[in-house]
There are 2 protein chains.
Amino acid sequence: MADVAAIAGVSGQTVSRVVNGSPRVDPATRRRVERAMVELDYRPHRAARALRTGRTDTIGLVVSTLATVGNSRMLQAIAAAAAERGFALTVVTASGRDAVAQGFARLHEQGVDGAIVLNEATALARGVEVPRSLALVVVDSPPDDRYVVVQTDHAAGARAATAHLLALGHAAVHHLAGPAGSFAAAERERGWRDALAAAGIAAPEPLRGDWSSASGHAVTAALPADATALFAANDQMALGALRALADTGRHVPGEVSVVGFDDVADAAQYLPPLTTVRQDFDALGAAAVAALVGAIGGGRGEPLALTPVLVERASTAPPPV
Amino acid sequence: MADVAAIAGVSGQTVSRVVNGSPRVDPATRRRVERAMVELDYRPHRAARALRTGRTDTIGLVVSTLATVGNSRMLQAIAAAAAERGFALTVVTASGRDAVAQGFARLHEQGVDGAIVLNEATALARGVEVPRSLALVVVDSPPDDRYVVVQTDHAAGARAATAHLLALGHAAVHHLAGPAGSFAAAERERGWRDALAAAGIAAPEPLRGDWSSASGHAVTAALPADATALFAANDQMALGALRALADTGRHVPGEVSVVGFDDVADAAQYLPPLTTVRQDFDALGAAAVAALVGAIGGGRGEPLALTPVLVERASTAPPPV
DNA sequence: GTATCTGGAGCGTCACTATTT
DNA sequence: AAAATAGTGACGCTCCAGATA
């Protein structure tokens, strides 16, 4: 910066003003400074700025795993949204117990201005201390006044999926649920139960996987032989379920209908192409970043719930007669 | 830090030594300082340290897209390896032309110590200026003395896949290649050609997708009706190919055998479960981080090529008689 | 002399105050 | 009087040289 100031014939202070877009700079001076910056390929030093201002223009992302396609998609959306707003994105994977707390510690130490947490609502609620100095947005969480929540309306999506199957004439809809600790899994299960209850149908015992396609395959072995409709809590488990049904010679959708959740890119290529509930990951990621930037700026941060949409493909049909 | 020093009754300098694990500290003093740190919940201020030392203990990752499962897996592996070594990880997605250069600029400005680049070899080679002050590791690239290369031996994997199909008795093996700009795609295509040449078989014109399952589906429509074996450059395109074959009523593996590449987690759940070439993403990510840390430390950084392994599942069989 | 510790300077930036036009 | 610019110090840390036991 000193070099730029010297070349432009101004003080470092004026360079700082130009860099930060202060209005109190003479246009001619500004041009001169800008030319000098280009000439020297000057880049502001973020660490120095951070030391001085206390802000790093960096946001952190805490994610349990990137093994699920949904989390990857969220990361992608958040990275894009953060870049657009001039924020760097630091990623911390927090797997295992106490990991969220560790992830926070790591981010806090690194001095991020705020953090977005994916899918860790349960762990958070269970006594992880939320650093007060850190702006926080949690994606998919029960409401909590310690942070802003941005989410998909999982229950609504699950109701839509279940209602679709019931409308096709299925007498019962089984559920392949997500893992016990997950808020999204709980909400999707709730929506399924609600839709069945609204139709006066008793909910059968749900199968329970861990989001992975392998778990979907393993667990679907326990699906009753007379089941005609299965709603899986995500697309990957639905993929495993499709294979399990093929293993036992049950045709989809002729004998069993299957619905997923997420509308992952590959879902349209499954055999058969999967009817599923589409989450708008890009909008969700953008909303999470927007809410976080708002919270960093001292505002409240806008909470949001996006309603997902059912996408009908070839894995659902009326039950066999 | 000043507070810690005051409580422990030492100078700030001594606190610094304790934090940085200097051996020249009396054990009793160290204990005293550590107690004070705990008491005050002291965290070193990374920005201040970075300003002073010129190092940020942060590495950057430049990735074109996280839409492919392979890239997501690499990110996951790199994040874990970086965390283990005490480095923060900043992710930049660089899509489109000039994006890699932009990504570098962004990372450089943010002051990362080094960067890992995924899948951008072609763009890099095409005149992106590599900042000299930045340690650099590129995953999957032709050799280049501007950076360290860590890679899978794609050609060897492709040879193994093709040889497997030939050994089953197929008279020809078609190829569903990756996009034109990709080094990995080119290497896999080369391995396929080499294996065919070694068997004295002329290579048919390859189909060409963009890594996505949708492209695999679209492009496989052009597969000749008499084809009995297809080697796809990644698992997701193989998934699309499986559906395209099902569309036209060709049984896999009875009429057509299909091999993929990557051994993504879902590949074992495809219909049928996919024979594929397994990349060890975790080892590759760990090697990339190790090489980068070496390069940051002033060393040369160890280049590496991992040989992938064929995993036989149910999508390959002898050709129909 | 060796082991341990202290004091002071300065990294690049920006908020504040002072000065000039 | 208002607009534009300059000078100064401090953010928290670590390096260097020197002091103390």
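Labels below follow one simple rule: chain letters A, B, ... track the order of the sequence lines, proteins then strands, and each chain is numbered from 1. This structure is a prediction, so every number in the text was calculated from the model and none was measured.
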d(B:L284 CG, B:Q151 CD) to nearest 0.5 Å is 9.0 Å
Test side-chain contact (heavy atoms from CB on, under 4.5 Å) applied to B:N20 and B:R49, step by step
CA-CA 11 Å; B:N20 293 292; B:R49 174 182 287 174; 3.7 Å; yes
Residue list, side-chain hydrogen bond (donor to acceptor under 3.5 Å, both in side chains) with B:D41, at least two apart or on another chain
B:R43
Excluding sequence neighbours, so at least two apart, what forms side-chain hydrogen bond (donor to acceptor under 3.5 Å, both in side chains) with B:D210?
B:S212, B:S215
Enumerate the protein-to-nucleotides 9-13 of chain C contacts in which both atoms are nitrogen or oxygen and the separation is below 3.5 Å.
| residue | atom | partner | partner atom | Å |
| --- | --- | --- | --- | --- |
| C:dG10 | N2 | B:R52 | NH1 | 3.3 |
| C:dG12 | N2 | A:A48 | O | 3.4 |
| C:dT13 | OP1 | A:Y42 | OH | 2.7 |
| C:dT13 | OP1 | A:H45 | N | 3.0 |
| C:dT13 | OP2 | A:M1 | N | 3.4 |

Under the side-chain contact (heavy atoms from CB on, under 4.5 Å) rule, what do B:D57 and B:D113 come out as? Steps first, then yes or no, please.
CA-CA 6 Å; B:D57 287 345; B:D113 295 334; 3.9 Å; yes
Which pair of non-hydrogen atoms, one from [X] and one from [Y], has the smallest distance, and what is that distance?
| X | Y | value |
| --- | --- | --- |
| A:I78 | A:L89 | CG2-CD1, 4.1 Å |
| A:A287 | A:L304 | CB-CD2, 3.3 Å |
| B:A50 | A:A47 | CB-CB, 3.8 Å |
| B:V92 | B:G103 | CG1-CA, 3.8 Å |

Could you go through the side-chain contact (heavy atoms from CB on, under 4.5 Å) check for A:S72 and B:V69 one step at a time?
CA-CA 8 Å; A:S72 288; B:V69 181; over 6 Å; no
Five pairs at each end of the helix from C:dT2-D:dA21 to C:dT21-D:dA2: take the axis at both ends and give me the angle between them to 10°.
40°
Given B:Q279 and B:D262, is the side chain to side chain donor-acceptor pair (under 3.5 Å) satisfied, shown in steps?
CA-CA 5 Å; B:Q279 288 201 74; B:D262 281 349; 2.8 Å; yes
Dump the pairs, protein N or O against N or O of nucleotides 2-5 of chain C, anything under 3.5 Å, distances to one decimal.
| residue | atom | partner | partner atom | Å |
| --- | --- | --- | --- | --- |
| C:dC5 | OP1 | B:T29 | OG1 | 2.2 |
| C:dC5 | OP2 | B:D26 | N | 2.7 |
| C:dC5 | N4 | B:R17 | NH2 | 3.4 |

Applying the side-chain contact (heavy atoms from CB on, under 4.5 Å) criterion to A:F87, which one of A:V289, A:L292, A:I296, A:T58 satisfies it?
A:I296
Start and end of the DNA chain D segment that chain A contacts, any atom under 4.0 Å from a heavy atom
D:dA4 to D:dG12
